Amino acid sequence: MTINQSKAEEQQRVNSVAKKIDEKIEHADESIAQAHQETHRIERNYGENTKVNTTEVDDQMETNASVQQQKQLVALAVENENILNANKLKLENLQGSPYFGRIDIVEDGEEDTLYIGTSTLQDDDGEFLIYDWRAPISGIYYNGMLGKVHYKTPNGTAEVDLKKKRQFQIIHNKIRNMFDTNETVGDEILQSVLSEYSDEYLKNIVATIQHEQNTIIRDTHSDVLLVQGVAGSGKTSAILQRVAYLLYHSRTTMTADNIVLFSPNKLFSNYISEVLPSLGERNMRQVTLNEFIALRLSGVQVETLFERYEKDERNLPETTIKIRLYKESGEFLDTLEQLEEQHPEHILHFENVIFEGKPFFTKEEISEVYDHINHAYHIPDRFLKTKNILIKRLQKRIHADRNEDWVQAEIDNLSDEDFQQIITDHNIEESTNQREIIAEEFLRERYAPIYNALINNYFFNPYREYLFLLNEMPQDLVENDIWQTMIESIDDQIEAHRLNLSDSIAILYLRDLITDGGVNHAIQHIFIDEVQDYTMAQLKYIGHAFPNAKMTLLGDRAQDVLTSSYRQKDLVTEVNELFKKKKITTITLNQSYRSTAEITNFATKLLPNGDEVKAFSRQGEDPVIKVFDDDNYYQGLKETAKTLNKKYETVAILTRNQAQAEQIYTHFSDESIVTLVDADFRSIPKGILVLPIYLAKGLEFDAVIGHDISATNYPDQRSVDVLYTICTRAMHSLTLCVDKEISPLLSKEPATLISEK
C-alpha cells in the first residue's frame with residue numbers, strides 16, 4: 001500500500017471520528033440544557049422549601065435540616081452541570097484535530113491499532129476511538145522504538161511488539177501532514193508547526209514532544225526537577241504538558257487547585273492561559289513572585305524585581321552587591337533562625353492590640369506573658385502558648401463584661417429582629433440565663449477584631465524583630481558602619497511602609513518561623529518558570545511555604561537578565577546545594593525550535609558555550625545590523641518597524657529598560673499601530689510593540705528589533721545575557737539597530753550583516 005492510498009484511508013477515519021465528535025457535542029448540549037433547567041428548578045424552589053421558622057426549638061431543628069437538604073440538592077445539581085460542561089469542553093478540544101498519533105502493536109499475539117489525542121474518546125459501544133496522550137499505553141508513542149517495547153500499567157510492566165508509529169498533523173479535520181517514523185517526532189512535523197507565525201496563545205504542541213521533553217512530562221519520582229533549556233527549546237510547552245499529565249496521573253488525589261505556577265510576569269501568565277484547557281485540563285493557580293509576596297505582606301509596598309533591575313542599571317556599588325548576595329542566600333535565612341534560637345532570654349517585639357482607639361492588650365502585658373513561659377520551649381511553642389493565653393483572657397473578659405451596664409443597654413437597644421437573629425444564629429435555647437448568653441454572643445461579635453488580631457498574629461512585629469537580629473548578626477562582609485547604615489535604611493523604609501525585595505523574603509521567613517504560620521500543606525506541585533531570576537533565599541522560602549510540594553524549576557542560565565549584573569554562581573550548583581537532602585533530577589534541553597537557524601546561530605555566538613546549542617533546521621533570513629548616525633537613529637528605527645509590520649503581525653522593539661521604551665514610544669506617538677507595553681499588560685496586541693526585555697521573557701514574536709545595540713548601551717560582557725535574550729525572542733526576523741558605534745559584543749559579526757545608514 002502506498003502512502004497516498006494509506007492517507008486516503010486515514011482521511012476516511014478522520015471524517016468518521018469527526019462526525020462522532022459532532023454528534024456527541026450535540027448530545028452534550030441537550031444534556032447541559034436539561035441539567036441547567038433542573039438546577040434552575042431546584043434553586044427556584046429553594047426559598048419555598050427553606051422558610052425559616054424560629055418560634056419553637058423543634059421548628060428551628062426542622063428548618064436547619066431542611067436548609068441542609070436543599071443546599072445538598074443545589075450543590076449536586078451544580079456539580080452535575082459542571083461535569084457535563086467539562087466533558088463538552090474535552091470534545092470541543094478534539095474538534096478539527098481529533099488526534100495526532102497512531103501506533104500498531106502486537107500484544108499477547110493480538111494485533112491492535114491505537115490513535116493518540118488530547119483526551120479519550122469512546123464510541124457508544126465502549127470501543128476506544130482515541131486514547132488520551134497521558135494514558136500509560138500512550139507512552140509507547142513517545143518513548144518506543146519499533147520492536148519490543150515495555151510500558152507501565154497499574155498491574156506492573158507490560159511488553160508489546162511495536163510494528164508502526166505514525167504521526168499526523170490534522171487541521172480542520174483534514175490531514176495536512178502524515179508520515180511513519182521510528183523516532184518520537186521527526187523534523188518534518190516540527191517544521192510544519194513552527195513555520196507558521198505565532199498565534200496569540202502558545203501553540204498546543206503535544207504532537208512535537210521530544211524524548212527529553214517526554215521524560216520531563218512523565219517524571220513522578222523527583223522531589224526537585226530542574227530543567228535547564230536553551231531559548232526556544234520548548235521548556236514551557238513541556239512543563240504545561242507536565243501539569244496536564246500529573247493531573248491525569250493523580251486525578252483521584254489532585255486537582256488544578258493543588259498546583260501553583262510562578263510566572264515571570266502577567267503577560268506570560270495570559271500567554272499560556274489557554275494551553276491547559278486545550279490539553280483537557282482547567283488552569284492551575286498562577287502567580288508572579290511579587291504577587292505572592294504582596295499577598296503575604298499586606299500593607300507594605302515591596303520592591304519588584306523589575307524596579308530593582310531598573311535601579312541596578314543606574315547604580316550598583318560593590319558593597320551593595322556583597323550585602324545583597326548574602327541576604328539572598330539560603331545561609332542568611334539559616335543564620336536568622338540560629339540567632340533567634342540562641343537568645344531564649346530575648347523578648348520578641350510585640351505590638352499593642354488596639355480596640356476602638358485604645359490598647360486592649362498592651363505590648364508590655366504580652367511581653368510579660370511570653371517571658372513567663374518556660375524558656376526551654378522552642379520559640380514557636382512559646383509564641384503559641386502566648387497567643388492561647390491572650391485568647392483565654394479575651395474569653396474571660398467577654399464573660400466578665402456581659403453584665404456591664406453598657407452591654408445590657410446595647411442589648412436593650414437591639415431590634416426584635418436583631419435579637420431574634422442572635423438566638424437563631426447561635427441556637428440559644430430559652431432558659432433563665434438566656435439574656436447573659438445573648439450578651440456574651442453580642443460581645444463576641446463586638447470584640448471580633450481583637451480575636452482576629454490574635455488569630456492572625458498582628459500583636460507580633462516581624463519588622464522590628466528582623467532589625468534586632470541584623471544588629472546581633474556577626475558579619476565580615478563590609479565595614480560595620482556600612483552595615484549599620486544598611487540597617488538604618490531598612491528602618492526608614494519600614495517607617496514608609498516600603499521594603500527591598502531581599503528583605504521581604506527574610507522577614508516572611510522569620511515571621512513564619514516564630515509564629516509557625518504561612519505554610520500551605522495542600523499544594524502538591526510547584527512550578528517555577530525563569531528560575532534563573534530567583535535567589536536561593538526565595539526558593540528556600542517557597543519550599544518552606546509549601547512543604548508537601550514537589551518542585552519543577554525551569555530556566556536558562558544564558559537568559560539571566562535580571563540578576564546577571566551581580567550573580568556569578570552556577571544555578572545548577574546552587575540548586576543542588578540548597579536541596580541536597582531531596583531527590584534532584586536535572587535535564588538539559590539543547591535543541592532550539594523557536595527561531596530560524598540563522599537567528600539561533602547568530603545568538604549563540606554571544607555565549608561562551610554557544611556551540612552546545614543545536615539550531616533547528618528551519619531556514620530564514622539572516623539577522624541584520626543597522627547602524628545609524630545620531631540624527632537619523634529614531635527615524636531609521638521607526639521606518640524599520642513599519643516595514644517589518646507590513647510582513648509580520650507582531651513586531652517587538654525590545655529595550656534594556658522602561659525609560660528607553662518610553663523614549664521610543666514618544667517618537668511613535670502619532671501612530672495607532674504602536675503599543676507601549678508595561679508590567680500591567682495581560683495580553684499582547686498585534687502590530688508594533690515597544691517593551692523592555694524583562695517583560696518579553698518567555699514570549700516570542702514574529703519579528704524583533706533590538707534597540708540601540710551600541711557600545712554605549714551594551715558596553716561589555718555584563719550585557720551578554722540581555723542581548724542574547726533579545727535575539728532569541730525572534731521567530732522569523734531579527735534586526736539590531738545601532739546608534740553610531742556598534743557594541744563590542746558584535747565585533748566578530750561579518751560585514752555582510754552590517755548596513756550603514
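Please read these numbers as outputs of a predicted model, since none were measured by experiment.
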Test item: [X] side-chain N/O and [Y] main-chain N/O as donor-acceptor pair under 3.5 Å:
| X | Y | result |
| --- | --- | --- |
| T728 | A231 | no |
| T655 | N657 | yes |
| Q635 | N632 | no |
| E598 | G620 | yes |
| N290 | E303 | yes |
| Q532 | D556 | yes |
| K235 | G229 | yes |
| N713 | D708 | yes |
| D721 | Q559 | no |
| R176 | I171 | no |

* To do: Quick one: list whatever passes side chain to side chain contact (heavy atoms under 4.5 Å, CB included) with A703, sequence neighbours left out.
  =>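 A703: side chain to side chain contact (heavy atoms under 4.5 Å, CB included) contacts with L644, Y648, V651, S733.
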* Show the numbers, then the answer: is there a side chain to side chain contact (heavy atoms under 4.5 Å, CB included) between S502 and E328? => CA-CA 6 Å; S502 54; E328 291 183 346; 3.9 Å; yes
For [X] and [Y], work out which heavy atoms get closest and say how close.
| X | Y | answer |
| --- | --- | --- |
| I505 | A537 | CG2-O, 3.7 Å |
| V230 | Y724 | CB-OH, 4.4 Å |
| R324 | D312 | NH1-OD2, 2.7 Å |
| I216 | R242 | O-NH1, 3.0 Å |
| A696 | L654 | CB-CD2, 4.0 Å |
| V674 | V690 | CG1-CG2, 3.9 Å |

If you round to the nearest 0.5 Å, how far is [atom2] of [Y] from [atom1] of [X]?
| X | Y | atom1 | atom2 | result |
| --- | --- | --- | --- | --- |
| F579 | I584 | CZ | CD1 | 7.5 Å |
| L225 | I239 | CG | CD1 | 6.0 Å |
| I742 | K626 | CD1 | NZ | 13.5 Å |
| I542 | M551 | CD1 | CE | 5.5 Å |
| I587 | D219 | CD1 | CG | 6.5 Å |
| R729 | I693 | CZ | CD1 | 6.0 Å |

In the structure I gave you, are the side-chain heavy atoms of [X] and [Y] within less than 4.5 Å of one another anywhere?
| X | Y | answer |
| --- | --- | --- |
| H732 | I599 | no |
| F602 | L736 | yes |
| M178 | Q167 | no |
| W133 | I217 | yes |
| K642 | N645 | no |
| L89 | N93 | yes |
| T585 | V224 | no |
| I293 | L501 | yes |

* To do: Keeping to residues at least two apart or across chains, list the side-chain hydrogen bond (donor to acceptor under 3.5 Å, both in side chains) pairs with something in residues 740-749.
  =>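 As it turns out, the side-chain hydrogen bond (donor to acceptor under 3.5 Å, both in side chains) pairs with a partner in residues 740-749, which skip direct neighbours, are K605-E749.
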* Asked: Between K647 and E621, is there a side-chain N and carboxylate O pair less than 4.0 Å apart?
  ->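 The answer is yes: the pair qualifies as a salt bridge.
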* To do: Let me know which of Q286, H525, R285 forms a side-chain contact (heavy atoms from CB on, under 4.5 Å) with I259.
  =>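 The residue from Q286, H525, R285 that satisfies side-chain contact (heavy atoms from CB on, under 4.5 Å) with I259 turns out to be H525.
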* **Full working for side-chain hydrogen bond (donor to acceptor under 3.5 Å, both in side chains) between T650 and D702** => CA-CA 5 Å; T650 55; D702 296 326; 3.2 Å; yes
* Derivation of the ring-ring contact (aromatic ring centres under 6.0 Å, His included) call for F262 and F527 -> CA-CA 6 Å; F262 282 82; F527 293 84; over 10 Å; no
Output all residues satisfying ring-ring contact (aromatic ring centres under 6.0 Å, His included) with [X], sequence neighbours left out; order by chain, then residue number.
| X | value |
| --- | --- |
| Y634 | H667 |
| Y714 | none |
| Y309 | Y694 |

* Going through the checks in order, is the side-chain hydrogen bond (donor to acceptor under 3.5 Å, both in side chains) test met by S719 and R656? -> CA-CA 9 Å; S719 301; R656 286 200 72 139; 2.8 Å; yes
* Y99, F100, Y141 screened by ring pair (Phe, Tyr, Trp, His ring centres under 6.0 Å) with F168, the one that passes ->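 Running ring pair (Phe, Tyr, Trp, His ring centres under 6.0 Å) over Y99, F100, Y141 with F168 returns exactly one hit, Y99.
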* Go through T573 and N576 one step at a time and tell me if the side-chain hydrogen bond (donor to acceptor under 3.5 Å, both in side chains) criterion holds. => CA-CA 5 Å; T573 303; N576 276 273; over 6 Å; no
* Evaluate side chain to side chain contact (heavy atoms under 4.5 Å, CB included) for S233 paired with N590, printing each intermediate quantity in order. => CA-CA 7 Å; S233 58; N590 286 326; over 6 Å; no
* Using the side chain to side chain contact (heavy atoms under 4.5 Å, CB included) rule, take L554 and I528 through it: C-alpha gap first, then chi angles, then the decisive distance, then the call. => CA-CA 6 Å; L554 301 102; I528 300 178; over 6 Å; no
* To do: List in chain and number order the residues that pass side chain to side chain donor-acceptor pair (under 3.5 Å) with K614, two or more places apart in sequence or in another chain; answer none if no residue qualifies.
  =>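 Side chain to side chain donor-acceptor pair (under 3.5 Å) list for K614, sorted by chain: empty.
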* **Residues V704, T735; criterion side chain to side chain contact (heavy atoms under 4.5 Å, CB included); working and verdict** => CA-CA 6 Å; V704 164; T735 305; over 6 Å; no
